[in-house]
Amino acid sequence: MAAQAPAPPKPRQATDSGHRGLPPLEADGAVVLRFAPGPSGPLHLGHSRAVALNHAYRELHDGKLILRLEDTNPAVVDPAAYDLIAADMEWLGATPDETVVQSDRLEIYYGDARELLSRGAAYVCHCDAEEWRELKRQSVACPCRPSEPAAQLTEFEALLAGGDGIVVVKTDLADPNPALRDFVALRVAEAPHPRQGDAWRLWPTYNFAVAVDDYRLGVTHVLRGKDHLNNTQRQQWVYRHLGWDEPQFIHYGLVSIPDTLLKTSTIREGLTAGEYSGWDDPRLATLAALRRRGYQPQAIMDYWVAAGVKEADITLSWQNLEAANRTLVEPEAKRLFWVPEPVELVLDAPQPLEKRAPFHPDRDEMGERRETVALGATVSLPAADVQKLAEGDLLRLKNLCNCRLCDGRLEHAGDNPVRGVPIVQWCAAGAPLQLLRPDGSLTDGIVEPAAAELEGEVVQFERVGFVRLERGQALFLHR
RNA sequence: GCUCCUGUGGUGUAGUCAGGCCCAUCAUCUCGGCCUUUCGAGCCGAGGACCCGGAUUCGAAUUCCGGCGGGAGCACCA
């Protein structure tokens with residue numbers, strides 16, 4: 001007999017114990033969580049919320065976190081994604097305790113499908129897809145639905161061997177919510193699977209595979225976005241049909257991430273069209289791109305924990321995420337002079353001058369950059385700063401000397417800082433270095449020699465912002 | 001169209017279940033000041049919110065009713 005309609009997912013109980021951070025889960029034993037992406041590409045900022053929340057709860061309850069790769073649609077599997085996703089999780093500090101791959105588990109789904117069929121809780125359907133949907137819309141059973149379990153099981157074995165058809169989980173056709181009436185559990189996909197070749201032709205759909213796996217892997221808490229609210233109710237039908245105890249379902253609101261392309265399939269299109277240099281193109285919000293620009297995983301994780309698990313939809317604030325990252329990066333970042341759109345001026349000084357500039361203004365132990373500026377040397381200054389200067393104006397070359405703009409040259413005007421005089425970064429020696437911003441724009445500039453030793457590091461270009469140095473270019477992180 | 005979720009300053013969040021301790025918390029943000037040889041950091045100060053309307057109550061962000069707004073699902077995708 002078919003089960004009763006499951007109750008809608010219970011709202012999360014607020015059991016905040018007073019301390020900051022996430023409210024503890026209701027749990028009377030071990031806590032098992034899972035992060036379950038489809039391997040269609042590497043992870044992006046949107047995915048990181050699920051990773052962060054599941055990981056935070058694993059830590060809070062000393063539980064277990066499973067990475068489950070949901071690759072039951074051969075058409076959208078990227079073979080490279082399995083490793084990329086694992087690497088992204090590791091970078092975030094959320095290494096899974098266990099990894100399972102759905103395409104390795106087809107026999108398990110078949111077993112539970114047979115059980116559903118034998119209980120009269122599912123049926124094999126050969127109707128035309130359009131007609132079947134239309135009948136559902138009208139709350140009418142299709143002709144395949146009523147036949148006996150024994151006949152259904154025979155149909156199922158036939159379907160495994162060949163032919164067309166689907167396996168459908170019975171729900172309540174009269175459910176007022178059209179999204180909840182009978183859903184497909186298995187369907188035929190003849191395309192070869194990147195990992196399994198043509199070993200299988202009958203593949204489970206998302207809802208069926210998720211229900212089976214969450215139960216069989218012992219998941220106690222299903223933590224995911226609100227967009228799965230209906231899926232939860234569909235999956236609950238499987239639990240009821242098979243007499244399984246349900247995990248606790250928790251849904252957090254949708255996140256909208258402004259000014260950002262997150263859809264993996266769209267990114268992939270841009271990639272094949274040559275629009276992006278790779279998954280880590282700094283214009284993207286993949287974790288690979290953020291990592292490359294110098295984002296610290298902890299900033300991302302902390303951001304999501306602070307956002308919590310409310311069901312209200314939220315908007316990500318880049319400003320706030322940047323602030324979280326800045327507090328992490330600021331104490332460690334060495335300071336460097338980088339001169340954007342440089343203008344060269346001869347510096348007239350009575351003798352060679354020596355620059356002594358600390359790598360960090362608040363941390364002497366990080367050392368300093370020293371450089372001698374020869375007599376009659378040319379220094380580069382930011383064009384924007386030079387333009388603001390009137391003839392005869394006083395200017396301080398940071399960590400070097402004061403000078404005055406006279407006749408297109410800089411005249412030395414004392415060594416000690418003078419209050420109220422604008423202070424600018426400059427370069428005498430130095431190498432050309434372009435700054436690439438997340439909007440894709442490139443700015444030419446010159447960086448001081450000390451940069452050569454700092455490739456790969458997050459540094460601060462004084463008066464410009466934090467950047468990560470690569471060979472031949474700098475990637476803008478944020479102010 | 002049907003079904004469901006949700007609404008506290010610019011952003012996120014605490015408080016909402018058990019109405020008064022909330023002229024509302026914290027962070028970020030914005031503005032001003034101090035400090036600083038960076039427009040970074042730090043310190044000090046200020047600014048800014050309970051979607052709207054009724055009802056219940058001595059008292060409502062918190063309860064009830066009605067609006068309005070935002071979002072999602074209705075795939076042989078995940």
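First the proteins, then the strands, lettered A, B, ... as listed; each starts at 1.
- Comparing C77(B), G73(B), U37(B) against the side chain of Pro417(A) picks out U37(B) as the nearest.
- Judged by distance alone, the side chains of Gln296(A) and Asn325(A) never bring a donor and an acceptor atom under 3.5 Å apart.
- Counting only heavy atoms from C-beta on, Pro178(A) has its side chain closest to C74(B) among U13(B), C74(B), A78(B).
- Between Asp259(A) atom CG and Asp439(A) atom CG the span is 10.5 Å, to the nearest 0.5 Å.
- Taking the six-membered ring for Trp, Trp200(A) and Tyr110(A) have ring centres closer than 6.0 Å.
- Of the P atoms belonging to U16(B) and G54(B), the separation is 26 Å, rounded to the nearest Å.
- No hydrogens or angles considered: nothing links the side chains of Glu341(A) and Thr443(A) as a donor-acceptor pair under 3.5 Å.
- Side-chain proximity of Ala179(A) to G73(B), C76(B), G7(B): nearest is G73(B).
- As rounded to whole Å, 13 Å separates atom C1' of U38(B) from atom NZ of Lys355(A).
- Across all strands shown, Cys401(A) has no heavy atoms under 4.0 Å from either base or sugar-phosphate atoms.
- Screening Lys398(A), Gln425(A), Arg335(A) against Glu462(A) for a side chain to side chain donor-acceptor pair (under 3.5 Å) leaves a single residue, Lys398(A).
- Backbone-only contact: Trp132(A) has heavy atoms under 4.0 Å from sugar-phosphate atoms and none from a base.
- If you check every strand for non-hydrogen atoms under 4.0 Å, Pro176(A) touches sugar and phosphate atoms only.
- Using modelled atom types and a 3.5 Å distance limit, the side chains of Arg268(A) and Ser40(A) yield no donor-acceptor pair.
- Listed pair Arg133(A) / C76(B) meets the phosphate criterion, a side-chain N or O lying under 4.0 Å from OP1 or OP2.
- Listed candidates were G10(B), U37(B), G40(B). Nearest to the side chain of Ile423(A) is U37(B).
- Here Arg181(A) does not reach the OP1 or OP2 of A75(B): none of its side-chain N or O atoms lies under 4.0 Å away.
- Counting any heavy atom pair closer than 4.0 Å across all strands shown, Phe337(A) reaches no nucleic acid atom.
- Comparing the C1' positions of C76(B) and C64(B) gives an interatomic distance of 46 Å, to the nearest angstrom.
- For the P atoms, the distance from C43(B) to U63(B) is 38 Å, rounded to whole Å.
- Remark: U11(B) base-pairs with A27(B); criterion is Watson-Crick or G-U wobble with both hydrogen-bond distances under 3.5 Å.
- If you take NZ of Lys310(A) and P of A14(B), they are 5 Å apart, rounded to a whole angstrom.
- Within 4.0 Å (heavy atoms only), Asn231(A) reaches at least one base atom of the nucleic acid.
- Residue-to-nucleotide contacts include no donor-acceptor pair under 3.5 Å from the side chain of Asp313(A) to the base of U6(B).
- In Asp198(A), the CG atom is not crowded: 12 or fewer heavy atoms of neighbouring residues, nucleotides or ligands sit closer than 6.0 Å.
- When heavy atoms are screened at a 4.0 angstrom cut-off, Ala129(A) is found touching base atoms of the nucleic acid.
- Look at CG on Asn207(A): it is 12 Å from C1' on C74(B), rounded to the nearest Å.
- Separating the C1' atom of A46(B) from that of U6(B) is a span of 33 Å, rounded to the nearest Å.
- Rounding to whole angstrom units, CG of residue Leu394(A) and C1' of U37(B) are separated by 13 Å.
- Summarising the base pairing, A41(B) is matched to no nucleotide, lacking a Watson-Crick or G-U wobble pair whose two defining distances lie under 3.5 Å.
- One can place CG of Leu69(A) at 17 Å from C1' of C77(B), the figure rounded to the nearest angstrom.
- Nucleic acid contact for Ser40(A): none, since no nucleic acid atom lies under 4.0 Å from a heavy atom of the residue.
- Distance noted for atom P between U8(B) and A14(B): 11 Å (whole Å).
- Put simply, Lys136(A) has no side-chain N or O that comes within less than 4.0 Å of OP1 or OP2 on C74(B).
- With G40(B), U11(B), A78(B) as the candidates, the nucleotide lying closest to the side chain of Asn320(A) is U11(B).
- Spacing of P atoms, A49(B) relative to A55(B), comes out at 25 Å, to the nearest Å.
- Between U38(B), A41(B), U37(B), one nucleotide has an atom nearer to the side chain of Arg396(A) than all others, and that is U37(B).
- Looking at heavy-atom distances under 4.0 Å, Glu330(A) makes contact with a base.
- Heavy atoms of Asp227(A) sit under 4.0 angstrom from primed sugar atoms or phosphate atoms, though from no base atom.
- When distances run from any side-chain atom of Leu229(A) to the nucleotides A72(B), U3(B), C4(B), the shortest one goes to C4(B).
- Residue contacts shown for Asn399(A) include a base, since a base heavy atom lies under 4.0 Å away.
- One C1' atom belongs to G66(B), the other to G10(B), and the distance between them is 30 Å to the nearest Å.
- Applying the 4.0 Å criterion to OP1 and OP2 of G73(B), one finds that Arg234(A) has every side-chain N and O outside that range.
- Within the nucleic acid shown, Ile166(A) comes within 4.0 Å of at least one base atom, counting heavy atoms only.
- Taking the side chain as every heavy atom from C-beta outward, Leu92(A) and Trp304(A) never approach each other to under 4.5 Å.
- If you check distances only, the side chain of Gln460(A) does reach the base of U38(B) with a donor-acceptor pair under 3.5 Å.
- Residue Ser256(A) places none of its side-chain N or O atoms closer than 4.0 Å to OP1 or OP2 of G71(B).
- Across all strands, Pro361(A) comes closer than 4.0 Å to base atoms (heavy-atom distances).
- Considering Asn54(A), Asp213(A), Asp214(A) as possible partners of Arg34(A), the one that fulfils the side chain to side chain donor-acceptor pair (under 3.5 Å) test is Asp214(A).
- Atom-to-atom, CD of Glu130(A) to C1' of C76(B) comes out at 11 Å; the value is rounded to the nearest Å.
- Remark: the separation of the P atoms in C51(B) and C34(B) is 39 Å, to the nearest Å.
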